[in-house]
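Just so it is clear, the values below take in all heavy atoms, side chains as well, and ignore hydrogens, waters and symmetry mates.
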Amino acid sequence: MDAESLLLSLELASGSGQGLSPDRRASLLTSLMLVKRDYRYDRVLFWGRILGLVADYYIAQGLNEDQLAPRKTLYSLNCTEWSLLPPATEEMVAQSSVVKGRFMGDPSHEYEHIELQKVNEGEKVFEEEVVVQIKEETRLVYIIDQIDKAVAIIPRGALFKTPFGPTHVNRTFEGLSLSEAKKLSSYFHFREPVELKNKTLLEKADLDPSLDFMDSLEHDVPKGSWSIQMERGNALVVLRSLLWPGLTFYHAPRTKNYGYIYVGTGEKNMDLPFML
């Protein structure tokens with residue numbers, strides 16, 4: 001959700017229990033504006049909160065003029081002081097994917113994981129148990145990256161792609177119609193496309209290259225991983241992810257108000273295919 005309309009956005013998403021205390025709201029509103037100024041971002045999004053056993057991580061993301069350029073991610077434990085996280089690397093993904101369970105809420109906390117590594121001694125090769133230390137900050141980077149790739153979404157038309165490549169905010173976007181807002185095909189993954197590249201020319205024939213340049217939610221696997229509901233007398237559409245419980249997207253049809261927020265433990269629902 002955009003930091004400039006934070007109070008309205010939190011109000012629209014509050015039906016999912018995503019509210020914050022008045023103190024936290026005030027701190028966020030002020031500190032995120034300072035983040036935007038100091039880091040010279042084009043936009044700042046309040047991404048959400050990852051719940052820890054000792055403390056919670058508040059997450060924000062900075063966007064440059066090209067909206068699909070890699071986003072800069074920051075975290076805070078008090079909604080006032082923000083620390084920049086490094087981008088996710090393949091090494092981070094490999095390390096952190098083995099860590100399970102709740103976050104502690106301490107960036108310096110280290111998880112221990114035992115790995116079997118091959119050791120050569122002359123002509124003999126044997127396996128040795130090695131204890132690998134994984135920092136919670138590294139795991140935080142990995143989880144945010146996974147959630148972004150899987151369930152960060154925007155409505156169709158909110159962004160447009162120029163013929164020269166960069167993607168910008170569509171200033172003429174006035175919201176989806178009520179009938180469009182009820183369809184999963186009206187929502188896209190807020191990232192570079194993956195499935196779109198595999199479509200045939202015939203499948204792309206009816207697509208508008210300036211608007212339909214991202215992957216649609218309608219073909220997400222497993223099918224049924226999104227819950228879509230109309231609330232407040234059809235004045236608000238709410239999408240919730242069943243794959244990453246805690247992710248809520250909202251859009252008020254025929255208005256520019258839309259956004260998403262994640263409030264959860266950072267744990268993926270691995271049992272979802274068996275629940276559908």
Taking distance alone, no hydrogens or angles, what donor-acceptor pairs closer than 3.5 Å link side-chain atoms of residues 266-276 to residues at least two apart or in another chain?
residue, atom, partner, partner atom, Å
E267, OE1, T265, OG1, 2.9
N269, OD1, D271, N, 3.3
N269, ND2, L242, O, 3.3

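Taking each heavy atom of Y258 and A158 in turn, the nearest pair found is OH-CB, 3.5 Å. Taking every heavy atom of both residues into account, P155 and L176 meet most closely at CB-CD1, 3.9 Å. The shortest heavy-atom contact between L236 and A252 is CD1-N, 4.0 Å. Here the closest non-hydrogen pair linking E81 and S76 is O-OG, 2.8 Å. Summarising the geometry of I261 relative to A13, their closest heavy-atom pair is CG2-CB, 4.1 Å, with the distance given to 0.1 Å. When all heavy atoms of S241 and V151 are compared, the closest pair comes out as OG-CG1, 3.3 Å.
Listed by first then second residue, pairs satisfying salt bridge (Lys or Arg N to Asp or Glu O under 4.0 Å) with a partner in residues 62-71 read R71-D148, not counting sequence neighbours. Counting only residues at least two apart or in different chains, ring pair (Phe, Tyr, Trp, His ring centres under 6.0 Å) contacts with residues 222-251 comprise Y187-F249. Residue pairs that meet the side-chain hydrogen bond (donor to acceptor under 3.5 Å, both in side chains) test with at least one member in residues 91-103, sequence neighbours left out, do not exist here. Contacts classified as side-chain hydrogen bond (donor to acceptor under 3.5 Å, both in side chains) and involving residues 150-162 (residues at least two apart or in different chains) are given here: R156-D212. Residue pairs meeting the salt bridge (Lys or Arg N to Asp or Glu O under 4.0 Å) criterion with at least one partner in residues 179-195, sequence neighbours excluded, are R191-D215.
Between L211 and F160, the closest side-chain pair of non-hydrogen atoms falls below 4.5 Å. Between L140 and T73 there is no side-chain heavy-atom pair separated by less than 4.5 Å. At a threshold of 4.5 Å between non-hydrogen side-chain atoms, the residues V169 and R43 count as touching. Taking the side chain as every heavy atom from C-beta outward, E174 and R254 never approach each other to under 4.5 Å. At a threshold of 4.5 Å between non-hydrogen side-chain atoms, the residues L68 and F190 count as touching. Between L12 and R232, the closest side-chain pair of non-hydrogen atoms falls below 4.5 Å. Between L77 and P107 the shortest side-chain heavy-atom distance falls below 4.5 Å. Looking at F213 and T167, their side chains come closer than 4.5 Å, going by heavy atoms from C-beta outward.
With hydrogens and angles disregarded, no donor-acceptor distance shorter than 3.5 Å links the side chain of H189 to the backbone of L217.
To the nearest 0.5 Å, atoms CG (L34) and CG (L29) are separated by 10.5 Å. Note that OG of S186 is 12.0 Å distant from CD1 of I154, once rounded to the nearest 0.5 Å. Here the CZ atom belonging to F103 is positioned 6.0 Å from the CD atom belonging to E136, to the nearest 0.5 angstrom. In this structure, the separation between CD1 on I153 and OG on S216 is 10.0 Å, given to the nearest 0.5 Å. Note that OG1 of T30 and CG of L6 are 10.0 Å apart. Values are rounded to the nearest 0.5 Å. Rounded to the nearest 0.5 angstrom, L239 CG and S227 OG are separated by 7.5 Å.
A continuous path of Ile, Leu, Val, Met, Phe, Trp and Tyr side chains, each step under 4.5 Å between heavy atoms, connects L20 with L8, placing both in one hydrophobic cluster. Connection of L7 to V35 is established within a shared hydrophobic cluster, with ILVMFWY side chains joined at heavy-atom distances below 4.5 Å, either directly or through further cluster members. Put simply, L28 and L84 are part of the same group of oily side chains (I, L, V, M, F, W, Y) that touch within less than 4.5 Å, one to the next. I134 and V130 fall into different hydrophobic clusters, where Ile, Leu, Val, Met, Phe, Trp and Tyr residues are linked whenever their side-chain heavy atoms come under 4.5 Å apart, directly or through other members.
Test V44, L74, I144 against Q61 for side chain to side chain contact (heavy atoms under 4.5 Å, CB included) and you get one pass: I144.
Every ring pair (Phe, Tyr, Trp, His ring centres under 6.0 Å) that Y75 has, sequence neighbours left out, goes to Y57. Legend: residues meeting salt bridge (charged side-chain N to carboxylate O under 4.0 Å, His left out) with K149, ordered by chain and number and at least two apart, are D145. Scanning for salt bridge (charged side-chain N to carboxylate O under 4.0 Å, His left out) contacts around K135 gives an empty result, with sequence neighbours left out. For the side-chain contact (heavy atoms from CB on, under 4.5 Å) test, residues two or more places apart in sequence or in another chain that qualify with E115 are H113, Q117, V132. By the ring pair (Phe, Tyr, Trp, His ring centres under 6.0 Å) test, Y41 is found to be paired with Y39, residues two or more places apart in sequence or in another chain being considered. Evaluation of the side-chain contact (heavy atoms from CB on, under 4.5 Å) rule for E90 yields no partner, not counting sequence neighbours.
Within a 6.0 Å sphere centred on NZ of K72, heavy atoms belonging to other residues, nucleotides or ligands number 12 at most.
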**Asked** Would W82 and Y58 satisfy side-chain contact (heavy atoms from CB on, under 4.5 Å), going step by step from the backbone distance to the final call?
**Response** CA-CA 9 Å; W82 295 87; Y58 294 85; 4.2 Å; yes

**Item:** Residue pair D42, L63: steps toward the side-chain contact (heavy atoms from CB on, under 4.5 Å) verdict
**Value:** CA-CA 6 Å; D42 188 62; L63 284 72; 5.5 Å; no

